[in-house]
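Source: prediction; values computed, not measured. In what follows, every heavy atom counts, from backbone to side chain, and hydrogens, waters and symmetry copies are set aside.
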Amino acid sequence: MKYRLIIAFMAAALLGVGCKSQYEYETLLESGDSDAKYAAAFDYFNKGKYLRSSQLFESLSMYTAGTERDDTVQYYWGLSNYNQRDYYSAEANFKHFIDNYPASPFTESAEFLRIDCLYRSTLRYELDQTPTYTAITAISEYLIAHPRSANRPVCEKMLDDLSERLDRKAYENAKLYYKMEDYKAARVALKNVLKDDADNVYREDILYYAAMASYHYARLSVPEKQKERYMVFVDDYLNFVGEYPESQYRRELDSLYKKVRNK
């Protein structure tokens, strides 16, 4: 019984401290004491309490506009949102900061953090890739503006990942025709992917499915059209093995080629 009373007393004391702390925070948030807010905002930030620091920096921004503190407040407002993984808000913060403080010592950091927010906000390849294009543009502009940045390797890795995502989307969209067994449309769509981007990272797979599409299209054609259409497959086959002689698809395509030659 004695221990239960002690535990209950301690819990009540902690609850009272918590309530007091919350009350003091809310009072400070509503106050017009910018110096006290400024000190408290950094205190919360340094303790990792980013929600509170972001709210205080946001509140402070109304008082520091046009003062020497404003770029610091704006930057740490964005950094607070970034650290609590609110990348949408942080990106908006950093964009506003960059537009208004191009000469601030925080500017390059804000530029990098903004593109990191954009990168983290991109979507899987199956979904709308508009955010991917936005991120690629921002990263490319950052690398042009800061060619010797220490962040360059990270930026290049981001670009590789985003480019691969776009390549895959184009490849998978074209392959849908193959899956639907519309082989004529599949070959056209797959060839168009490479016409638009010859360096697509899925080039080997695209050429394989293009060859397979031409084979199946010929196989399913009426007899009087088959010879002509099999010749398209032969061209696709020769192009493929010329580029990828050691491909995992080689045995399958060789088998089909021999079958066509024996017809």
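Summarising the geometry of Ser121 relative to Pro131, their closest heavy-atom pair is O-CB, 4.2 Å, with the distance given to 0.1 Å. Summarising the geometry of Ala138 relative to Ile115, their closest heavy-atom pair is CB-CG2, 3.6 Å, with the distance given to 0.1 Å. Smallest separation of non-hydrogen atoms from Ala41 and Leu60: CB-CD1, 4.3 Å. In this structure, Asn100 and Pro102 approach most closely via the heavy-atom pair C-CD, 3.4 Å.
Both Leu253 and Leu238 are members of a single hydrophobic cluster when ILVMFWY side chains are connected at heavy-atom separations under 4.5 Å. Transitive grouping of hydrophobic side chains (ILVMFWY, heavy atoms separated by less than 4.5 Å) brings Leu113 and Tyr101 into a common cluster. Ile206 and Val241 fall within the same hydrophobic cluster, defined by Ile, Leu, Val, Met, Phe, Trp and Tyr side-chain heavy atoms under 4.5 Å apart, directly or through other members. No chain of hydrophobic side-chain contacts below 4.5 Å, direct or via other Ile, Leu, Val, Met, Phe, Trp or Tyr residues, connects Phe106 to Leu118. Leu51 and Phe57 sit in two unconnected hydrophobic clusters of ILVMFWY residues. Membership requires side-chain heavy atoms under 4.5 Å apart, directly or through other members.
Under the 3.5 Å distance criterion, the side-chain polar atoms of Glu172 are left unmatched by any main-chain donor or acceptor of Glu126. Judged purely by atom type and a 3.5 angstrom limit, Ser214 uses its side chain to pair as donor or acceptor with the backbone of Ala211. In this structure, Ser59 contributes its side chain and Gln55 its backbone to no donor-acceptor pair below 3.5 Å. Side-chain atoms of Gln129 come within 3.5 Å of backbone atoms of Leu127 as a donor-acceptor pair (strictly under, hydrogens ignored). No donor-acceptor pair closer than 3.5 Å links the side chain of Asp43 to the backbone N or O of Ala39. No donor-acceptor distance shorter than 3.5 angstrom exists from the side chain of Asp167 to the backbone of Asn200, with no hydrogens or angles considered.
Using a 30° and 60° split on the angle between ring planes, Phe45 and Phe42 fall in the perpendicular class, above 60°. Below 30°, between 30° and 60°, or above 60°: for Tyr208 and Tyr249 the angle between ring planes is below 30°, a parallel geometry.
When Asp160, Thr122, Leu123 are each tested for a side chain to side chain contact (heavy atoms under 4.5 Å, CB included) with Arg165, only one passes: Thr122.
Geometrically, Arg187 does not engage Tyr217 in a cation-pi contact, judged by NZ or CZ lying under 6.0 Å from the ring centre and within 45° of the ring axis. In this structure, Arg52 satisfies the cation-pi test against Tyr25, with its NZ or CZ atom closer than 6.0 Å to the six-membered ring centre and inside 45 degrees of the ring normal.
For the pair Phe97/Trp77, no side-chain contact is recorded, criterion being any heavy-atom separation below 4.5 Å from C-beta on. The shortest side-chain heavy-atom distance between Arg114 and Asn93 does not fall under the 4.5 Å cut-off. Annotation: side chain of Asn81 is in contact with side chain of Gln84 (closest heavy-atom distance under 4.5 Å). Residues Leu256 and Tyr237 are not in side-chain contact: their nearest non-hydrogen atoms beyond the backbone lie 4.5 Å or more apart. Considering only heavy atoms from C-beta on, Phe240 comes within 4.5 Å of Ser247 through its side chain. Counting only heavy atoms from C-beta outward, the side chains of Asp71 and Gln74 never approach each other to under 4.5 Å. A 4.5 Å side-chain heavy-atom check between Glu252 and Met212 finds at least one atom pair inside the cut-off. Proximity of Phe112 to Cys155: side-chain heavy atoms (C-beta onward) are separated by under 4.5 Å at one or more points.
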Stepwise side-chain contact (heavy atoms from CB on, under 4.5 Å) check, Val73 with Tyr38: CA-CA 8 Å; Val73 168; Tyr38 190 82; 3.9 Å; yes
Can you list the steps and then say if Tyr215 with Asp236 is a side-chain contact (heavy atoms from CB on, under 4.5 Å)? CA-CA 9 Å; Tyr215 173 80; Asp236 287 345; over 6 Å; no
Start with the C-alpha distance between Asp254 and Lys259, add both sets of side-chain angles, then the distance that settles salt bridge (charged side-chain N to carboxylate O under 4.0 Å, His left out), and finish with yes or no. CA-CA 9 Å; Asp254 283 349; Lys259 187 183 293 185; over 6 Å; no
Decide yes or no on side-chain contact (heavy atoms from CB on, under 4.5 Å) for Leu207 and Leu194, but give the supporting numbers first. CA-CA 9 Å; Leu207 290 174; Leu194 295 181; 3.5 Å; yes
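Remark: Glu91 does not engage Lys95 in a salt bridge, criterion side-chain N to carboxylate O under 4.0 Å. Between Lys157 and Asp161, no side-chain nitrogen of the basic residue sits less than 4.0 Å from a carboxylate oxygen of the acidic one, so the salt-bridge criterion is not met. For the pair Arg120 and Asp116, the salt-bridge criterion is met [side-chain N within less than 4.0 Å of a carboxylate O].
Environment of CZ in Arg152: crowded, with over 12 heavy atoms of neighbouring residues, nucleotides or ligands closer than 6.0 Å. Dense packing is recorded around CD of Glu224, with more than 12 heavy atoms of other residues, nucleotides or ligands lying under 6.0 Å away.
Remark: the Asp86 side chain and the Tyr50 side chain contain no N/O donor-acceptor pair separated by less than 3.5 Å. In summary, the side chains of Tyr75 and Ser109 do present a donor paired with an acceptor at a separation below 3.5 Å, with no hydrogens or angles considered. Residues Ser53 and Ser80 have side chains that bring a donor and an acceptor to within less than 3.5 angstrom of each other. If you check the side chains of Tyr202 and Glu164, you find a donor sitting under 3.5 Å from an acceptor. Looking only at atom types and distance, the side chain of Ser221 has a donor-acceptor partner in the side chain of Arg229 under 3.5 Å away.
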Going by atom type alone, with no hydrogens or angles, which donor-acceptor pairs under 3.5 Å involve a side-chain atom of residues 139-146 and a protein atom two or more places apart or on another chain?
unit_1	atom_1	unit_2	atom_2	d
Ser140	OG	Ile136	O	2.8
Tyr142	OH	Glu108	OE2	3.1
Tyr142	OH	Ser149	OG	2.9
Tyr142	OH	Asn151	ND2	3.1
His146	NE2	Glu111	OE1	2.5

List, one per line, each side-chain donor-acceptor pair under 3.5 Å for residues 173-182, sequence neighbours excluded.
unit_1	atom_1	unit_2	atom_2	d
Asn173	ND2	Lys169	O	3.4
Lys175	NZ	Tyr171	OH	3.4
Asp182	OD1	Ala185	N	3.4

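The line from CG of Asp70 to CE of Met62 is 12.0 Å long, rounded to the nearest 0.5 Å. Between Gln22 atom CD and Leu29 atom CG the span is 9.5 Å, to the nearest 0.5 Å. One finds the CZ atom of Arg203 at 12.0 Å from the CG atom of Leu190 (value rounded to the nearest 0.5 Å). Here Tyr76 contributes atom OH and Leu56 contributes atom CG; the two are 15.5 Å apart, rounded to the nearest 0.5 Å.
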